[in-house]
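Heads up, the thing below is written out as structure tokens.
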Protein chains: 2
Amino acid sequence: MNKFMAPLILTVIVSLAIAFPGAAQALGDKELLESAKEYFEPLPGKPEFKRDNPGSKAKIELGKALYFEKRLSSSNVFSCNSCHDLALGGADNSSFSIGHKWKKGGRNAPTVFNASLHLAQFWDGRAKDVEHQAGMPVLNPVEMNATEEMVLERLGSIPEYVKMFANAFPGEKPSLTYKNVAKAIGAFERTLLTPSRFDQFLAGKLDAMTKGEKEGLKLFIDTNCVICHNGATVGGLAYQKFGVFKKPDFLTDNGRFDVTKDKNDMYVFKVPSLRNIELTYPYFNNGAVWDLKEAVKIMADVQLGEQLSDQDAGKIVVFLKSLTGDKPKIELPTLPPATVSTSRPDTD
Amino acid sequence: MNKFMAPLILTVIVSLAIAFPGAAQALGDKELLESAKEYFEPLPGKPEFKRDNPGSKAKIELGKALYFEKRLSSSNVFSCNSCHDLALGGADNSSFSIGHKWKKGGRNAPTVFNASLHLAQFWDGRAKDVEHQAGMPVLNPVEMNATEEMVLERLGSIPEYVKMFANAFPGEKPSLTYKNVAKAIGAFERTLLTPSRFDQFLAGKLDAMTKGEKEGLKLFIDTNCVICHNGATVGGLAYQKFGVFKKPDFLTDNGRFDVTKDKNDMYVFKVPSLRNIELTYPYFNNGAVWDLKEAVKIMADVQLGEQLSDQDAGKIVVFLKSLTGDKPKIELPTLPPATVSTSRPDTD
């Protein structure tokens with residue numbers, strides 16, 4: 001988003017909130033589906049790769065290996081999967097992740113599932129895509145604490161990895177570069193899509209969702225949550241000020257302001273995707289809230305100026321759980337052994 | 001082993017070392033096979049379960065989930081797989097593992113692959129089997145730092161786990177007990193067998209090993225490494241003093257003495273299995289040595305009083321790499337989400 005657009009967008013959103021108080025009050029599943037299709041679309045049926053990083057079997061396999069590769073951290077303790085656990089919701093269910101030497105990050109780890117479809121990466125959007133993002137926690141002193149040199153030295157000392165890079169990036173000399181480490185991980189991450197029954201509903205299968213889930217969806221639309229949480233990822237496609245109507249008392253993070261230094265970006269964050277939201281507690285940029293129903297009520301209050309009843313928030317939660325999707329089957333990779341020359345973990 | 005037998009066994013081993021200086025000098029692959037079969041046997045074709053912990057699909061699936069379950073640690077940072085990484089050699093390739101609050105363990109993490117076949121667990125044999133072992137790192141303050149109460153509270157607060165325990169331990173009330181947590185993990189670990197080309201050779205397929213590997217095997221037998229490293233696991237089946245001929249200068253660990261308080265157990269450890277030894281560097285109880293060839297030379301020196309040439313140690317290493325096996329395919333589990341009542345990670 002162009003930084004000058006933030007105030008305009010805010011105004012538009014507030015206007016929308018006033019103009020669309022009950023956008024989907026029409027009764028019946030068919031009407032609900034038609035209404036839902038105005039805001040949502042199904043997840044793509046297959047991964048979407050970037051033109052400058054096409055997906056290949058060799059590259060995705062390499063990216064998967066690197067995703068589980070603890071030797072990308074200086075201590076050999078952390079891999080991407082440490083904080084973005086594919087056995088859980090692609091996150092770590094802590095308010096702040098623990099990294100090198102038990103240091104803590106400053107924002108809640110977002111899920112990697114479906115993240116490739118977002119408009120940008122990180123809560124503040126400081127990485128433009130998953131390829132850009134993937135190389136950053138590796139180098140962060142409070143996360144994996146590596147250097148580019150260390151990563152290239154370690155991988156370069158392992159003949160199987162050298163071969164895997166040559167196969168994944170044919171024709172590139174050298175093929176083992178830090179940029180390609182991040183590209184391979186990014187390509188793998190693009191395969192991490194989690195379609196759910198909601199997608200079947202959007203595709204026209206009216207009974208794919210339960211009555212309660214459909215009631216919740218209708219309420220989600222009518223409450224105007226869809227202003228921000230829309231598209232295939234039900235969020236993740238726009239920036240928004242946290243606290244349009246009221247600043248949450250737990251908010252101390254400047255958000256995107258720290259990236260752009262534009263005062264209109266103060267407290268602005270990427271709208272989180274609600275795909276798998278059931279699995280990605282605790283909620284908000286600082287993981288302050290653990291109960292999804294409470295999070296829904298806070299959002300209605302501070303973003304839309306709506307006081308949701310416990311019952312209505314509960315109905316929306318029932319809908320949100322229909323966004324818990326089927327993860328791709330992930331077979332644990334077999335990582336190649338180091339050699340005598342590979343640098344040893346720093347465990348001090 | 002009965003603790004009074006240690007001095008006797010030591011005497012027998014030293015006598016064997018003198019009496020069998022070249023037990024397999026007969027030439028030819030068939031003769032080598034016959035000789036090898038005196039010391040080794042193939043890994044079992046399927047997991048061996050204990051009578052009091054029979055394997056079932058439900059129990060193994062539960063055990064796999066728990067093996068990857070970071071919520072068994074107080075911080076939600078560590079699972080069994082953290083230090084016994086199934087994507088690597090079932091260990092962590094650090095001299096000492098890092099645990100809760102960046103504390104370090106005092107012994108090198110041994111591999112979980114094939115460990116169920118060992119005579120006992122841990123370097124000092126203080127757990128009688130994998131079921132006994134599995135519950136211990138969870139409670140260790142320098143590892144996962146949990147309590148039994150915490151584990152039962154967390155798992156008990158997650159309805160899917162309650163169901164999984166009921167299915168894995170039918171008829172038991174309660175089925176969710178700390179003992180059953182360890183039993184399920186143990187049952188899963190019993191499936192972690194890694195047959196290699198060495199097993200095919202032992203089964204009669206003479207060309208399953210290369211010429212170099214067979215030369216190394218012959219030298220391994222002739223050098224009397226087989227006195228301790230024998231059986232299906234090529235070790236893991238006996239205790240032995242580290243430093244029969246000479247105390248290694250890096251040895252400061254009392255070993256099994258700290259378990260039995262018997263002075264004959266000073267510096268006595270379980271003989272490590274050499275299955276997948278290529279993958280489980282660094283070597284020895286304290287991970288002091290990273291180069292397998294160097295480890296082989298040290299062992300020949302301190303255990304057998306043999307000075308191996310670089311060339312001969314290299315030949316043995318060629319054989320040892322034939323023990324790198326095929327891991328079972330492991331699909332990452334899908335772990336159930338916590339509930340609002342589940343206790344939160346302690347990340348202080």
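What you see is a predicted model; the values in this text were computed from it and never measured. Chain identifiers are assigned alphabetically (A, B, ...) following the order of the sequence lines, protein sequences preceding nucleic acid strands; residue numbering begins at 1 within each chain.
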More than 12 heavy atoms from other groups under 6.0 Å of NZ on A/K103: yes
B/K315 (side chain) donor-acceptor with B/E213 (main chain) under 3.5 angstrom: no
Max heavy-atom pair count under 4.5 Å with chain B, selected residue of A/S95, A/C83, A/G89, A/A338: A/A338
B/D348, part contacting chain A, at a heavy-atom distance under 4.5 Å: both
Among B/P345, B/S97, B/A65, residue most engaged with chain A (heavy-atom pairs, under 4.5 Å): B/P345
Top contributor to chain B interface from A/D85, A/L292, A/T280, A/N76 [non-hydrogen pairs under 4.5 Å]: A/D85
Residue selection (most heavy-atom pairs with chain B, distance under 4.5 Å) from A/F78, A/Y281, A/F68: A/Y281
Side-chain H-bond candidate by donor/acceptor type, A/T339 with A/T342, under 3.5 Å: yes
Max heavy-atom pair count under 4.5 Å with chain A, selected residue of B/S79, B/P336, B/P333: B/P333
Choice from B/V340, B/N93, B/T347 maximising heavy atom contacts with chain A below 4.5 Å: B/T347
Pair A/E278-A/T324, side-chain donor/acceptor within less than 3.5 Å: yes
Top contributor to chain B contacts, counting heavy-atom pairs under 4.5 Å, from A/A87, A/P337, A/P282: A/A87
Side chains of A/L88 and B/R71 in contact at under 4.5 Å (non-hydrogen atoms): yes
Main-chain N/O of B/V142 paired with B/K104 side-chain donor or acceptor, under 3.5 Å: no
Interchain contact, B/K329 with chain A, by part (heavy-atom threshold 4.5 Å): both
A/K101 versus chain B, the contacting section by heavy-atom distance below 4.5 Å: both
Under 3.5 Å donor-acceptor, B/W123 side chain and B/N108 backbone: yes
Engaged part of B/K293 at the chain A interface, taking heavy atoms whose separation is under 4.5 Å: neither
Heavy-atom closest pair, residues B/S196 and B/G325: CB-CA, 3.7 Å
B/I98 versus chain A, the contacting section by heavy-atom distance below 4.5 Å: side chain
